[in-house]
K.L.:
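Below: one structure in structure tokens.
We use all heavy atoms of the structure for the numbers below, so side chains are in, but hydrogens, waters and symmetry mates are not.
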Amino acid sequence: MTGTETPAFLKYEKRDNVAWIRLDRPRYANTQNYRLLNQLDDLFKRAMEDDDVRVIVLGAEGKHFSAGHDLGTPDQDRDMPRERVHLWGDHLTKEGAESQYVLEQDAYLGFCRRWAEIPKPTIAMVQGACIAGGLMLAMICDMIVASEDAFFQDPVVRMGVPGVEYCAHMFELPTRIAREFMFLGSKLSARRAYDLGMVNRVVPREKMEEEVATIAAQITQQPSFGLTLTKQALNLIEDLAGKRTAMDSIFHMHHLAHAHNTLVSGSLTGGMDARIMAKANKTAAG
Ligand code: ZN
């Protein structure tokens, strides 16, 4: 690789009619920069276009599934040009609140919606930390298998922001628990998430891939068009229950918060960087 090439932030493997996509930035707890998200979109597209692939698994290398969006690694790329997938403008040529708005419409809300609607079943395979932006990648999947050491956390209220950009918490958790989850920014253990119906299985870390492979193999026996229609039906029911409209509204509150933070502190996140957040996350009750 020369110095100008973009590194591969993910891995792709096809095995027994299943595409295994893995985030591959374990050194930075698989935090997501924009290039990683674009590469993930490319790999979902690859899995989608391959008729041999009947189920897609999204996992991650290393100790953690994903610690969220990249708030400050050496590969942070907020100010780099990026290829847009939806018909939104270039964030680098926009001023004020519009810059982050068009960026997040395309790369966060837009990508997550597009991935939640992939007409093949998807399974998230989650170990360790699944924080903020990490939740977005788990929640766009149809099923979630977690290891015993996994935990879920959305601490962005600390940044003055009402949840992540693709905020499905109220549809994933009972209302009291969703409020607790966000107000406290505390860790939700895999076991408690299972008890609340947010994840499908909790298994020892070393058994997780085997468990996911077993579930995926069973799904591959079903007719693919039947699976597509079933997924569309389930997504439709969620949308009829208000999920899409609610998430649109929350996205706009999220951007009011970014704009407010910028006016008050000059920072989208109210001055909360990766280091401050990591420290606060560790001490949040859970
Ligand atoms: Zn945001």
K.L.:
Does CZ in Arg205 sit with more than 12 non-hydrogen atoms of other residues, nucleotides or ligands closer than 6.0 Å?
P.N.:
yes
K.L.:
Given 3.5 Å as the limit, does a donor-acceptor pair link the side chain of Asn281 with the main chain of Pro155, or not?
P.N.:
no
K.L.:
Could you tell me if Ser66 and Gln32 have a donor-acceptor pair between their side chains, going purely by distance under 3.5 Å?
P.N.:
yes
K.L.:
Taking the side chain as C-beta and beyond, is there a heavy-atom pair between Asp41 and Trp115 under 4.5 Å?
P.N.:
yes
K.L.:
Could you check whether atom CG of Leu240 has more than 12 heavy atoms from other residues, nucleotides or ligands sitting under 6.0 Å from it?
P.N.:
yes
K.L.:
Can you tell me if Ser147 and Asp149 form a side-chain donor-acceptor pair at under 3.5 Å?
P.N.:
yes
K.L.:
Looking only at heavy atoms, what is the nearest atom pair of Leu58 and Cys141, with distance?
P.N.:
CB-SG, 4.2 Å
K.L.:
Is a side-chain donor-acceptor pair under 3.5 Å present for Asp70 with Thr73?
P.N.:
yes
K.L.:
Which heavy atom in Lys120 sits nearest to a heavy atom in Lys231, and how many Å separate them?
P.N.:
O-NZ, 3.0 Å
K.L.:
Let me confirm one number: the CD-CG distance from Glu117 to Asp239, rounded to the nearest 0.5 Å.
P.N.:
7.0 Å
K.L.:
Any side-chain donor-acceptor pair under 3.5 Å between Asn30 and His64?
P.N.:
no
K.L.:
Report the C-alpha distance between Met277 and Thr269 in whole Å, list the side-chain angles of each, state the deciding distance to 0.1 Å, and finish with yes or no for side chain to side chain contact (heavy atoms under 4.5 Å, CB included).
P.N.:
CA-CA 10 Å; Met277 286 304 287; Thr269 56; over 6 Å; no
K.L.:
Can you give me the closest heavy-atom contact between Val126 and Ala150, atom names plus distance?
P.N.:
O-CB, 3.5 Å
K.L.:
Give a yes or no on whether Tyr12 atom OH has more than 12 heavy-atom contacts from other residues, nucleotides or ligands under 6.0 Å away.
P.N.:
yes
K.L.:
Start with the C-alpha gap between Trp20 and Val212, add the side-chain angles, then the distance that decides, and say whether side chain to side chain contact (heavy atoms under 4.5 Å, CB included) holds.
P.N.:
CA-CA 10 Å; Trp20 297 77; Val212 171; 3.9 Å; yes
K.L.:
Determine whether Tyr108 and Tyr34 satisfy the following criterion, ring pair (Phe, Tyr, Trp, His ring centres under 6.0 Å), listing intermediate values before the conclusion.
P.N.:
CA-CA 9 Å; Tyr108 294 157; Tyr34 293 99; 5.5 Å; yes
K.L.:
Thinking salt bridges, do Glu210 and Arg201 make one under a 4.0 Å N-O criterion?
P.N.:
no
K.L.:
Minimum heavy-atom separation for Val145 to Glu211, with atom names?
P.N.:
CG1-CG, 4.3 Å
K.L.:
Do Arg54 and Gln221 have a side chain donor and acceptor closer than 3.5 Å?
P.N.:
no
K.L.:
Return the CD to CG distance between Gln39 and Leu23, rounded to the nearest 0.5 Å.
P.N.:
10.5 Å
K.L.:
Could you tell me whether Arg113 and Asp248 make a salt bridge, using a distance below 4.0 angstrom between a side-chain N and a carboxylate O?
P.N.:
yes
K.L.:
Do the side chain of Asn235 and the main chain of Ala116 share a donor and acceptor less than 3.5 angstrom apart?
P.N.:
yes
K.L.:
Is there side-chain contact between Thr31 and Leu71, with heavy atoms separated by less than 4.5 Å?
P.N.:
no
K.L.:
Using side-chain heavy atoms (C-beta onward) and a distance below 4.5 Å, is Glu165 in contact with His258?
P.N.:
yes
K.L.:
For the residue pair Glu148 and Ala190, what are the closest heavy atoms and their distance?
P.N.:
O-CB, 4.3 Å
K.L.:
How long is the straight-line distance from CD1 of Ile250 back to NE2 of His169, given to the nearest 0.5 Å?
P.N.:
8.5 Å
K.L.:
Answer yes or no: is there a donor N or O on one side and an acceptor on the other, between the side chain of Gln127 and the main chain of Gly62, under 3.5 Å?
P.N.:
yes
K.L.:
CD of Glu13: more than 12 outside heavy atoms within 6.0 angstrom?
P.N.:
yes
K.L.:
If you look at every heavy atom in Asp154 and Gly163, which pair is closest and at what distance?
P.N.:
OD2-CA, 3.5 Å
K.L.:
Tell me, do Ile144 and Phe65 make a side-chain contact under 4.5 Å, heavy atoms counted?
P.N.:
no
K.L.:
Is there a donor-acceptor pair under 3.5 Å between the side chain of Asn38 and the backbone N or O of Glu83?
P.N.:
yes
K.L.:
Near His260 NE2, under 6.0 Å, is it more than 12 heavy atoms from other residues, nucleotides or ligands?
P.N.:
no
K.L.:
Do Glu238 and Phe171 touch side chain to side chain, with heavy atoms closer than 4.5 Å?
P.N.:
no
K.L.:
Give a yes or no answer on whether the side chain of Arg158 reaches the backbone of Met272 with a donor-acceptor pair at less than 3.5 Å.
P.N.:
no
K.L.:
For Arg15, I'd like to know if atom CZ has over 12 heavy atoms of other residues, nucleotides or ligands within 6.0 Å.
P.N.:
yes
K.L.:
Can a donor-acceptor pair be found between the side chains of Asp142 and Thr122 at a distance below 3.5 Å?
P.N.:
yes
K.L.:
I'd like to know whether Met247 forms a side chain to side chain contact (heavy atoms under 4.5 Å, CB included) with Cys112, so could you lay out the CA-CA distance, the side-chain angles of the two residues, the decisive distance to 0.1 Å, and finally the verdict.
P.N.:
CA-CA 11 Å; Met247 287 169 83; Cys112 285; over 6 Å; no
K.L.:
Does some side-chain heavy atom of Leu196 sit less than 4.5 Å from a side-chain heavy atom of Leu188?
P.N.:
yes
K.L.:
Among Arg82, Arg84, Lys94, exactly one meets salt bridge (charged side-chain N to carboxylate O under 4.0 Å, His left out) together with Asp106. Which residue is that?
P.N.:
Arg82
K.L.:
Has the side chain of Asn17 got a donor or acceptor atom that lies under 3.5 Å from a matching backbone atom of Asp52?
P.N.:
yes
K.L.:
Is any side-chain heavy atom of Met139 closer than 4.5 Å to a side-chain heavy atom of Cys130?
P.N.:
no
K.L.:
Taking the side chain as every heavy atom from C-beta outward, state whether Ile215 and Asn200 have any pair of such atoms under 4.5 Å apart.
P.N.:
no
K.L.:
The criterion is ring pair (Phe, Tyr, Trp, His ring centres under 6.0 Å); which residues satisfy it with Tyr101, sequence neighbours excluded?
P.N.:
Trp88, Phe251, His252, His255
